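What follows is one structure encoded as structure tokens, with my remarks underneath.
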Amino acid sequence: MTENIVTLPSTGSLRDRARARLERVGVPLVLGEDIHARTPITGDDLFGLEATTLDEAERAIAAAAEAFRTWRTTPAPVRGALVRRLGDLLREHQDDLADLITIEVGKIRSEALGEVQEMIDICDFAVGLSRQLYGRTIASERPGHRLAETWHPLGVVGVISAFNFPAAVWSWNAAIALVCGDTVVWKPSELTPLTSLAVGRLLDRAVAELDAPRDVHRLLIADRTVGERVVDDPRVALVSATGSTRMGREVGPRVAARFGRSLLELGGNNATVVTPSADLDLAIRSIVFAAVGTAGQRCTTLRRLIVHHDIADEVVDRLAAAYAKLPIGDPFDEGTLVGPLISRRAGEQMRQALERAQADGAEIVTGGQRLTGSAPDAAYVEPAIVRMPAQTDVVREETFAPILYVLTYDGFDEAIALHNDVPQGLSSSIFTRDQQEAERFLAVDGSDCGIANVNIGTSGAEIGGAFGGEKQTGGGRESGSDAWRAYMRRATNTVNYTSHLTLAQNVSFL
Ligand code: NAD
């Protein structure tokens, strides 16, 4: 493992790079003092920007509500054409957006490119969906009646997104919402304004080229106070909020208080069970990617490893050997696999979690140190493997950093019980060649998560499936499958095509 960070790009060069990328996308950079674009690569500020005021947010919501009146009656395949054009622009600017993501979040280049790829993929999915917003026809109990469901656009969708997927989370929501006939108001993370400006600009271009209503999409560059305005506004029919469980605890009840709808995508505390029959070559590579990718800052990051007692030493030794070779450093360097954490504070939270684990009797097998060097305000950390004597409170919390807690089990029921004994329920996986174990893991009394995988890690979901989790992860589903239904309202229609009145349940009246 790298002892020290020795070569990092200068903040000035990152500033120039960001400016060049924004120019290529066509973002006019309006400098101000309200909000600061920053890079975790050096820990420094890049630009001061103007933020959206509460009054501007109010006007943006009003404009999106007005645009909805036109957009909802635009044929869905025509709405799909807008998203198709957005996908084309994303393809054209994949490099530009990936650079901005790396600069603002610190993701390594291939993961940043992958995030933009995910946006392109969801656009493709949404374009197909724009011709498949099917309702059901239901067998009526009455003669001469037709019973059916129709799906209508819902209204303004407020998207609140987290820093760690600054562009993809928006696209999962926006691409689907737009083909469903909704308009979108987006409040991105205050930590990633540049990426949001670039993505918003591309959609504005597509809107202008296709002559769609200008306000089908509005971007609010601001902190949570403007987010709260979106949450409380009765014109926002659905609030889709991605972020910490703390945030969801505030947002969920506020939206419910005004009988709005919310779609919550909150924190995870994901686990993998490794059984004695597992293919360990496959398991080790998957575990390392799931635990260390994005420097442990994915909602689906692997945080708990539940290993059968008989193979625990071998698994931990092999993981430690793999961790020893992980290149940590500048995310723009081709060889780097682990970039910085988002902030020094995140590094501090990792240190505190490790101290709590040690107080609970943990053995830190490897990692946990913050690397020093040319970036005092950045947080480059060694990913940690920690053997725990029990699943204590610190293990049951989500620490947004690369800490992999290892627990052992003897009986399979014990593994499942440990697995489910956390407040979150996002992603899970099992490595086994035993079909009974695999099926049990996926069954009703197996994993209690929204995502349950076999012989693959917890992170890196495909857009085709519905994404989301249970318990304190919030219960929302977005992206593929039939997640689109959350962005529409359902009407049940009964049509009597006879001249007779037949009441349901054989009721006689008059
Ligand atoms: P965060 O909760 O600090 O912020 C997320 C967003 O919510 C930001 O835009 C923020 O301004 C806004 N916000 C915060 N409080 C608000 C309030 N009271 N009202 C309205 N808006 C408010 O999260 P973060 O640090 O940016 O992201 C990391 C967290 O997000 C982790 O917990 C991670 O697991 C989670 N996450 C979940 C998913 C998922 O799909 N389940 C995906 C990505 C990230």
Side-chain angles (χ1 to χ4, degrees), residues 35 38 40 51-52 54 57 104-107 115 118 122 158-173 185-193 195-196 219-233 236 239-255 257 260 262-270 293-303 341-343 345-346 349 397-402 422-428 449-451 458-461 463 465-480 483:
I35 206 164
R38 191 186 152 272
T52 308
L54 284 171
E104 283 195 303
V105 183
K107 278 188 195 187
E115 174 161 355
E118 203 169 316
I122 196 73
V159 178
I160 295 173
S161 57
F163 82 83
N164 64 325
F165 276 92
V169 165
W170 167 80
S171 68
W172 295 352
N173 285 282
V185 172
W186 179 24
K187 208 303 281 174
S189 166
E190 46 275 62
L191 301 177
T192 56
T195 307
S196 326
L219 171 62
L220 314 175
I221 297 289
D223 64 15
R224 57 182 281 182
T225 48
V226 165
E228 288 168 15
R229 172 60 60 96
V230 172
V231 165
D232 290 338
D233 196 307
V236 178
V239 175
S240 175
T242 300
S244 58
T245 293
R246 179 204 58 74
M247 177 274 285
R249 217 174 247 125
E250 291 168 16
V251 168
R254 283 174 79 147
V255 179
S262 59
L263 191 168
L264 299 177
E265 295 283 355
L266 311 175
N269 190 355
N270 317 295
T294 325
Q297 299 170 111
R298 287 193 188 213
C299 51
T300 51
T301 290
L302 175 62
R303 310 204 178 278
L341 294 183
I342 190 68
S343 62
R345 187 161 157 264
Q349 284 167 340
E397 289 167 21
E398 179 196 50
T399 301
F400 219 51
V422 292
Q424 312 82 355
L426 182 51
S427 186
S428 61
C449 290
I451 298 169
T458 53
S459 72
I463 58 100
F467 182 92
E470 304 300 332
K471 302 192 285 186
Q472 289 186 7
T473 304
R477 291 294 185 280
E478 53 192 28
S479 193

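All values reported here derive from a predicted model rather than from experimental measurement. Keep in mind that the numbers below use all heavy atoms, side chains included, and drop hydrogens, waters and symmetry copies. Whatever order the structure lists ligands and atoms in, that order sets their numbers, starting from 1.
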For [atom], closest protein heavy-atom neighbour:
atom: atom 35 (C) of ligand 1; answer: Gly243 O, 3.2 Å
atom: atom 40 (O) of ligand 1; answer: Phe467 CE2, 3.1 Å
atom: atom 24 (P) of ligand 1; answer: Phe163 CD2, 3.7 Å
atom: atom 12 (C) of ligand 1; answer: Ile160 CG2, 3.6 Å
atom: atom 14 (C) of ligand 1; answer: Met247 CG, 3.5 Å
atom: atom 17 (C) of ligand 1; answer: Glu250 OE1, 3.7 Å
atom: atom 19 (N) of ligand 1; answer: Glu228 CG, 3.4 Å

So is [X] polar-close to ligand 1, meaning N/O to N/O under 3.5 Å?
X: Asp223; answer: no
X: Thr242; answer: no
X: Ala162; answer: no
X: Lys187; answer: yes
X: Ser244; answer: yes
X: Leu426; answer: no

Compare all side-chain heavy atoms of [X] with those of [Y] and state whether any distance is below 4.5 angstrom.
X: Gln424; Y: Val422; value: yes
X: Leu341; Y: Pro402; value: yes
X: Leu219; Y: Ser196; value: yes
X: Glu398; Y: Thr245; value: no
X: Cys449; Y: Ser427; value: no
X: Gln297; Y: Phe165; value: no
X: Leu266; Y: Met247; value: yes

Non-hydrogen atom of Phe400 closer than 4.0 Å to ligand 1: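 The answer is yes, since Phe400 has a heavy atom less than 4.0 Å from ligand 1.
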**Item:** Any Leu266 heavy atom less than 4.0 Å from ligand 1
**Value:**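 So Leu266 counts as touching ligand 1.
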For atom 27 (O) of ligand 1, state whether the nearest protein heavy atom is under 4.0 Å away.
->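 Within 4.0 Å of atom 27 (O) of ligand 1, protein heavy atoms are found.
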Could you go through the side chain to side chain donor-acceptor pair (under 3.5 Å) check for Glu104 and Thr195 one step at a time? CA-CA 8 Å; Glu104 283 195 303; Thr195 307; 2.6 Å; yes
Which atoms from ligand 1 have a heavy atom of [X] less than 4.0 Å away?
X: Glu190; value: 8 (C), 9 (O), 10 (C), 11 (O)
X: Pro188; value: 9 (O)
X: Asn164; value: 43 (C), 44 (C)
X: Gly267; value: 32 (O), 34 (O)
X: Ser189; value: 9 (O)

Exercise for the section: Give, for atom CD1 of Ile221 and atom CH2 of Trp186, the distance between the pair rounded to the nearest 0.5 Å. Expected result: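 Answer rounded to 0.5 Å: 7.0 Å.
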- Task: Look up atom CG in Asn173 and atom CD in Glu265, then write down how far apart they are to the nearest 0.5 Å.
- Result: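 Interatomic distance, Asn173 CG to Glu265 CD, rounded to 0.5 Å: 8.0 Å.
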**Request:** Kindly determine whether Ile342 and Asn164 satisfy side-chain contact (heavy atoms from CB on, under 4.5 Å), including the steps that lead there.
**Result:** CA-CA 8 Å; Ile342 190 68; Asn164 64 325; over 6 Å; no
What part of Arg246, side chain, backbone, both or neither, has a heavy atom within less than 4.0 angstrom of ligand 1?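 Side chain only; the backbone of Arg246 stays clear of ligand 1.
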Minimum heavy-atom distance between Thr301 and Thr458, given as atom pair plus value
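Looking at all heavy atoms of both residues, the closest pair is C-OG1, 3.9 Å.
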### Task
Looking only at non-hydrogen atoms, find the nearest pair between Ser479 and Phe467 and report the distance.
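Taking Ser479 first and Phe467 second, the nearest heavy atoms are CB-CB, 4.3 Å.
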Heavy-atom distance to [atom]: which of [options] wins?
atom: atom 9 (O) of ligand 1; options: Ser161, Ala461, Ser196, Ser343; result: Ser161
atom: atom 36 (N) of ligand 1; options: Gly476, Ala222, Cys299; result: Cys299
atom: atom 34 (O) of ligand 1; options: Glu398, Arg298, Arg254; result: Glu398

Derivation of the side-chain contact (heavy atoms from CB on, under 4.5 Å) call for Val185 and Val236:
CA-CA 9 Å; Val185 172; Val236 178; 5.8 Å; no
- Name all residues meeting the side-chain hydrogen bond (donor to acceptor under 3.5 Å, both in side chains) criterion together with Glu190; count only those two or more places apart in sequence or in a different chain, and write none if there are none.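 Partners of Glu190 by the side-chain hydrogen bond (donor to acceptor under 3.5 Å, both in side chains) criterion, ordered by chain and then number, come out as Lys187.
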